[in-house]
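Just below is one structure, and these are the notes that go with it.
Both ligands and their constituent atoms are indexed starting at 1 by order of listing.
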Amino acid sequence: MHPMLTIAVKAARKAGVIINRSCLELEKIKVSCKGPKNYVTEIDQLAEKAIVEILKESYPSHSFLGEEFGNYGSSKSDFLWIIDPIDGTTNFIHGFPNYAVSIALSFKDKIIQAVIYDPSRDELFTASRGSGAFLNNRRIRVSKQNILQYSLLGMHCSTFSKNDVENKFNILADECTAVRRMGSTVIDLAYVACGRLDGFCGINLKPWDLAAGSLIVTEAGGLVSDYFGEQEWMNSGNIIAATPKIFSKILNKLNN
Ligand code: IPD
Ligand code: CA
Ligand code: CA
């Protein structure tokens, strides 16, 4: 394993211990609201601090971007760690075991290392650019599905919006076998990478929701783009990730 990935795994597992310990006494966790339907707990904050502490110990000159505390460290470094300490906080608060820690390292705006750790299932998804993707150290690949009608897709969109793209999501949902909206984009992306989902579409997501998962999907043989087939998904927050054949079918549906 690449030494930088080893450190990222150590940080993700440390956060996992904090999360697992706290979910034994969920009712004691302090929850606050960051905005409409957007919650944060003291555990999100504790986990992010623990992750950054471990990363900083090895890489004190790097930059850090975490969901909860924003930017830390040098603003001049070409290395940027992008962290979501708990993706799926709403699930976590409800004891619904579908949430994960996400840590990615970018170098000059390219993601080069990625870890997604699901502490409820003890599943560790990892990738280093050019070296493939792994689940608990075993190589993973996207599914071989090539028929949209037989595919299982993950989606993230807001429920009541009349957004044009979301209307197209509904059309897509009608065509595939089924859609799952399980509340953790990083797990959805990890599941595309290991073939549990054949594709994923999301709208209005943040860099820390997408950074690690995007590399794990592409290293597993999948494709990632925005809705126009361009690589602007980090800026727009709109993403398609899928096995190659399903990817082109989704892109086609969203653009016609
Ligand atoms: C949320 C999850 C969820 C997505 C939301 C995100 P958080 O992240 O990624 O899948 O639907 O838009 O905000 O807040 O639980 O880290
Ligand atoms: Ca998130
Ligand atoms: Ca989060």
Side-chain angles (χ1 to χ4, degrees), residues 8 11-12 14-16 18-20 22-23 26 29-52 64-72 81-104 111 114-120 125 153-161 163 165-166 169 173 179-193 196-197 199-217 224 226-227 233-241:
K14 173 74 194 186
I18 294 170
I19 294 165
N20 277 346
S22 68
C23 74
L26 269 185
I29 297 172
K30 280 195 213 110
V31 180
S32 30
C33 205
K34 294 197 280 192
K37 299 188 185 182
N38 188 3
Y39 301 98
V40 60
T41 72
E42 55 187 326
I43 307 306
D44 296 68
Q45 295 167 339
L46 268 178
E48 184 169 314
K49 280 186 183 150
I51 292 166
V52 173
F64 302 87
L65 170 67
E67 179 180 7
E68 306 310 337
F69 297 106
N71 291 291
Y72 316 61
W81 293 90
I82 304 169
I83 301 148
D84 192 339
I86 303 179
D87 182 71
T89 296
T90 300
N91 286 346
F92 172 65
I93 293 167
H94 287 260
F96 182 91
N98 199 70
Y99 42 81
V101 180
S102 177
I103 303 175
I111 312 293
V115 179
I116 290 174
Y117 181 53
D118 172 348
S120 320
F125 298 85
L153 303 183
M155 277 189 191
H156 163 69
C157 52
S158 48
T159 319
F160 300 112
S161 160
N163 183 305
V165 176
E166 288 174 325
F169 275 19
V179 162
R180 300 288 177 251
R181 290 176 60 187
M182 290 186 302
S184 167
T185 293
V186 315
I187 290 194
D188 288 335
L189 291 170
Y191 282 11
V192 171
R196 292 175 187 165
L197 290 173
F200 170 78
C201 316
I203 191 165
N204 279 336
L205 291 154
K206 302 286 187 211
W208 44 80
D209 298 322
L210 305 176
S214 62
L215 182 66
I216 297 175
V217 168
V224 171
D226 63 16
Y227 297 153
W233 41 272
M234 269 294 229
N235 299 325
S236 66
N238 300 333
I239 193 167
I240 304 170

Audit row: F125, V186, side chain to side chain contact (heavy atoms under 4.5 Å, CB included) steps and yes/no
CA-CA 10 Å; F125 298 85; V186 315; over 6 Å; no
Tell me, with the steps shown, if I82 and I111 meet side chain to side chain contact (heavy atoms under 4.5 Å, CB included).
CA-CA 9 Å; I82 304 169; I111 312 293; 4.3 Å; yes
Could you walk me through whether Y99 and I19 pass the side chain to side chain contact (heavy atoms under 4.5 Å, CB included) test, one step at a time?
CA-CA 10 Å; Y99 42 81; I19 294 165; 3.7 Å; yes
With side chain to side chain contact (heavy atoms under 4.5 Å, CB included) as the test, would you mind laying out the steps for I29 and F92 before giving the verdict?
CA-CA 10 Å; I29 297 172; F92 172 65; 3.7 Å; yes
Derivation of the side chain to side chain donor-acceptor pair (under 3.5 Å) call for D44 and T89
CA-CA 8 Å; D44 296 68; T89 296; 2.6 Å; yes
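Proximity of K206 to ligand 1, defined as any heavy-atom pair under 4.0 Å, is not found for any part of the residue. The proximity of D209 to ligand 1, defined as any non-hydrogen pair under 4.0 Å, is limited to the side chain.
Atoms CZ and CE, on R180 and M155 in that order, are 11.5 Å from each other to the nearest 0.5 Å.
With V217 as the fixed residue, the side-chain contact (heavy atoms from CB on, under 4.5 Å) test singles out one of L210, D188, V192: V192.
Residue-to-ligand polar distances keep T90 apart from ligand 1: every N/O pair is separated by 3.5 Å or more. For ligand 1, one of its N or O atoms has an N or O atom of D87 under 3.5 Å away. Checked against a 3.5 angstrom limit, the closest N/O atoms of L205 and ligand 1 fall outside it.
In terms of protein heavy-atom proximity, atom 10 (O) of ligand 1 is nearest to T185 N, 2.9 Å. Taking atom 3 (C) of ligand 1 as the reference point, the nearest protein heavy-atom neighbour is G183 O, 3.4 Å. If you check which protein heavy atom lies closest to atom 5 (C) of ligand 1, you get H156 CE1, 3.7 Å. Of the protein's non-hydrogen atoms, E67 OE2, 3.8 Å is the one closest to atom 14 (O) of ligand 1. Nearest protein neighbour of atom 7 (P) of ligand 1, counting heavy atoms only, is G88 N, 3.7 Å.
A distance-only check finds a donor-acceptor pair linking the side chain of N238 to the backbone of N204 [under 3.5 Å]. Checking side-chain atoms of E48 against main-chain N and O of I83 turns up no donor-acceptor pair under 3.5 Å. Looking at N98, its side chain never comes within 3.5 Å of a backbone N or O of G183 through a donor-acceptor pair.
The shortest non-hydrogen separation linking S102 to W208 is OG-O, 3.8 Å. In plain terms, the two heavy atoms of S214 and V224 that are nearest each other are O-CG2, 4.0 Å. Nearest heavy-atom pair across I116 and A190 is CD1-CB, 4.2 Å.
Heavy atoms of I86 come nearer than 4.0 angstrom to ligand 1 in at least one pair.
Within a radius of less than 3.0 Å around the Ca ion (ligand 2), the protein N, O or S atoms are D84 OD2, D87 OD1, D209 OD1.
Within ligand 1, the atoms closer than 4.0 Å to a non-hydrogen atom of S184 are 10 (O), numbered from 1 in the order shown. Per-residue contacts place D84 under 4.0 angstrom from the following atoms of ligand 1 (heavy atoms of the residue considered): 16 (O). Every atom of ligand 1 with a heavy atom of T89 under 4.0 Å away is listed here by number and element: 15 (O).
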